[in-house]
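Naming: A, B, ... by sequence-line order, numbering from 1 per chain. Please read these numbers as outputs of a predicted model, since none were measured by experiment. Basis for what follows: all heavy atoms, side chains included, without hydrogens, waters or symmetry-related copies.
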Number of protein chains: 2
Amino acid sequence: MAAKRSGTQSKRPQRKAASLQPVQEPRGEAPLSLERIVATAVDLLDAEGVDGLKMRRLADRLGAGAMSLYWHVGNKDEVFDLALDAVLEYRGPSHRVEAQDWRGDVVHMLEDWRAVMLRHPWSASLLPRRALGPNMLNRLELLSRTLSGAGVSDADLNVAIWSLWNYVMGATITRASFDLSDEDRAAGQQRLAGLSEHYPTIERSRLLLDNDWDGAFRKGLDFLLDGLGPRR
Amino acid sequence: MAAKRSGTQSKRPQRKAASLQPVQEPRGEAPLSLERIVATAVDLLDAEGVDGLKMRRLADRLGAGAMSLYWHVGNKDEVFDLALDAVLEYRGPSHRVEAQDWRGDVVHMLEDWRAVMLRHPWSASLLPRRALGPNMLNRLELLSRTLSGAGVSDADLNVAIWSLWNYVMGATITRASFDLSDEDRAAGQQRLAGLSEHYPTIERSRLLLDNDWDGAFRKGLDFLLDGLGPRR
DNA sequence: ACCTGAACACCGTTCAAGT
DNA sequence: ACCTGAACACCGTTCAAGT
């Protein structure tokens, strides 16, 4: 399972060490920079979703000509990569000195990861099709280290990591998609009504009306962790 | 968790019962029909991926004018919905009379579901963001019925179903994405090399080079089923 | 009932050019 | 070094019109 699609490399020089900032431009435009572009892209994505990110619109928000972006960035995919990884930053589980609570640490990491993606609902479905950025790799490294330290053997480690990845990604992509379509909720309900006869078990358990996403996520995760934990 | 985005309804009348087909047009064009459109869309998606499906291209393949499709179909999203559900058809676990092997049945259903999506790699990432079609609802109904029949209580059923959904979707979306980018494999490898120092645990376990997708899928699934199964 | 071409309002990106 | 407008090659979809 190799990393992929590294995104066309921009021919721009590495961003130089931050020179002292001019306090912040009054209200006019700060000079274009990769940082501003990425930050604005995240805002735009949060506000308008994946389809809302257009190069011209992004440039507009930055008060720049439509084509100015292409000096800082190779193409639109690179904007996606940068915005995605920007959002995934993580500073460890605040290492309290107390107990070696591997399970608590893992749950904290995964719930934080999920929460971040739900805060930026475009990010989850983007993550699997783009190359893993440094922030995501860092999260995977911390997760691996924690499980390994807890006693999961090297032979079992990959299965454990990928199972957790699969579960978290599936849960978050699904939930983010439903979030985005609250408008259609009504239409969905109605459609469901006509279906009860064909899908009696779904209807009885009210599967499609279940709202306890957080609880369901946590319970399923517990099942996985029961199985994945270090051999007792 | 309600169904959603039902796809703009076409104003076309329901397709009439199949009149006797003229054996198949020699090589010229059969008349345009919803069936042909959907079948051709699936072919096109298989060959070119989600971004490869363009209304003009689809019409081309059908030997029709670019705009003829819009009489049969409301818009492009409806084509996606129809192609997606067409691919998800399922005829139960061939009910052999033998043992009440609920676990075997569940594994069969989920592996078939995953296999179908991997055969049409565009389908997995599409599924969570579109309304559930009849074929997918049928799969969920069968899954629910099997778990319920095996003794999973109504209170636990939704958590069980959604956990399995999450796991299967996450696994399949991830794997299909990697499949699509074999070309970049080389670039990925190289990128990884430079990273080994920052992510030593990932490097040691060769997490990103692991190729045993099928085995990993099955093992993680077993962990989930251990936890989800009927209370013993 | 079914199909069509012209036309509109967009897209991402190239390029030659400005400062 | 950094930014720009004009232009190209596309898109999905509307519409008025054909048979």
Side-chain angles (χ1 to χ4, degrees), chain A residues 5 7-19 22 25 28-38 40-41 44-45 48-83 122 126 130, chain B residues 5 7-19 21-22 25 28-38 40-41 44-45 48-83 126 130:
Chain A
R5 235 173 282 136
T8 332
Q9 219 57 4
S10 147
K11 51 278 177 199
R12 157 195 44 80
Q14 294 310 329
R15 108 197 51 149
K16 48 183 173 259
S19 51
E25 225 68 5
E29 319 305 348
L32 224 42
S33 72
L34 199 55
E35 286 82 4
R36 278 192 70 224
I37 292 176
V38 173
T40 308
L44 188 52
L45 284 163
E48 317 263 9
V50 200
D51 294 334
L53 180 63
K54 284 125 197 234
M55 295 303 270
R56 295 175 212 249
R57 213 118 80 95
L58 181 53
D60 258 13
R61 280 212 180 197
L62 288 159
M67 295 303 99
S68 310
L69 300 179
Y70 283 91
W71 194 86
H72 299 267
V73 140
N75 54 29
K76 191 178 171 179
D77 273 345
E78 198 178 324
V79 178
F80 276 126
D81 286 339
L82 293 169
W122 46 273
L126 222 50
R130 306 300 313 166
Chain B
R5 232 175 283 140
T8 330
Q9 219 58 5
S10 149
K11 50 283 178 197
R12 157 194 44 80
Q14 294 310 329
R15 104 196 52 149
K16 48 184 173 257
S19 51
Q21 296 285 104
E25 226 66 7
E29 319 305 347
L32 224 40
S33 72
L34 199 53
E35 286 80 6
R36 279 191 70 224
I37 292 177
V38 173
T40 310
L44 187 51
L45 283 163
E48 317 264 9
V50 201
D51 294 334
L53 180 63
K54 283 124 196 234
M55 294 302 271
R56 295 175 210 248
R57 215 118 81 95
L58 180 53
D60 258 14
R61 281 212 180 196
L62 287 158
M67 296 301 100
S68 312
L69 302 178
Y70 283 92
W71 194 88
H72 300 266
V73 141
N75 54 30
K76 191 178 171 181
D77 272 346
E78 199 178 323
V79 178
F80 276 126
D81 286 338
L82 293 169
L126 222 49
R130 306 299 314 165

Short N/O separations, protein against nucleotides 8-11 of chain C, under 3.5 angstrom:
{"from": "C:dC11", "atom 1": "OP1", "to": "A:Lys54", "atom 2": "NZ", "distance (Å)": "3.0"}

Hey, what are the protein-to-nucleotides 16-19 of chain C N/O distances that come in under 3.5 Å?
none

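Rounding to the nearest 0.5 Å places CG of A:Leu58 at 9.5 Å from NZ of A:Lys76. The CZ atom of A:Arg61 sits 4.5 Å away from the CG atom of A:Leu44 when rounded to the nearest 0.5 Å. Within the model, atoms OG1 of A:Thr40 and CD of A:Glu35 stand 11.0 Å from one another, a figure rounded to the nearest 0.5 Å. Here the CD1 atom belonging to A:Ile37 is positioned 9.0 Å from the CG atom belonging to A:Leu82, to the nearest 0.5 angstrom.
Side chain of A:Leu32, nearest nucleotide from D:dC3, C:dA6, C:dC3: D:dC3.
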Inset, instruction - Report the C-alpha distance between A:Val79 and A:Leu69 in whole Å, list the side-chain angles of each, state the deciding distance to 0.1 Å, and finish with yes or no for side chain to side chain contact (heavy atoms under 4.5 Å, CB included). - result: CA-CA 10 Å; A:Val79 178; A:Leu69 300 179; over 6 Å; no

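One interatomic measurement links the two molecules: CG of A:Asp51 to P of D:dT13, which rounds to 12 Å at whole-angstrom precision. The CZ-P distance, from B:Arg36 to C:dC2, rounds to 15 Å in whole Å. Regarding B:Asn75, its CG atom lies at a distance of 5 Å from the P atom of D:dT13, rounded to whole Å. For the pair A:Trp71 CH2 and C:dT13 P, the interatomic distance rounds to 18 Å; values are reported in whole Å. Residue B:Leu69 contributes atom CG, which lies 12 Å from atom C1' of C:dC2 at whole-angstrom precision. If you take OH of B:Tyr70 and P of C:dG5, they are 15 Å apart, rounded to a whole angstrom.
Minimum heavy-atom separation, B:Ala64 to B:Leu32: CB-CD2, 3.8 Å. Nearest heavy-atom pair across B:Ala83 and B:Ala41 is CB-CB, 4.5 Å. What you find for A:Ala66 and A:Arg56 is that their closest heavy atoms are CB-CG, 4.2 Å.
Side-chain contact between B:Glu78 and B:Asn75 is present, with at least one heavy-atom pair separated by less than 4.5 Å. The shortest side-chain heavy-atom distance between A:Arg130 and A:Asp77 falls under the 4.5 Å cut-off. Annotation: side chain of A:Leu45 is not in contact with side chain of A:Leu126 (no heavy-atom distance under 4.5 Å).
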Legend entry - Base-pairing string, 5' to 3', of DNA chain D - Watson-Crick or wobble, under 3.5 Å, | interstrand: ||.|||||...|||||.||

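Between A:Met67 and B:Ser33, the residue anchored nearer the 5' end of DNA chain C, judged by the nucleotide with its closest heavy atom, is B:Ser33.
Phosphate contact (OP1/OP2 of C:dA1, side-chain N/O of B:His72, threshold under 4.0 Å): absent.
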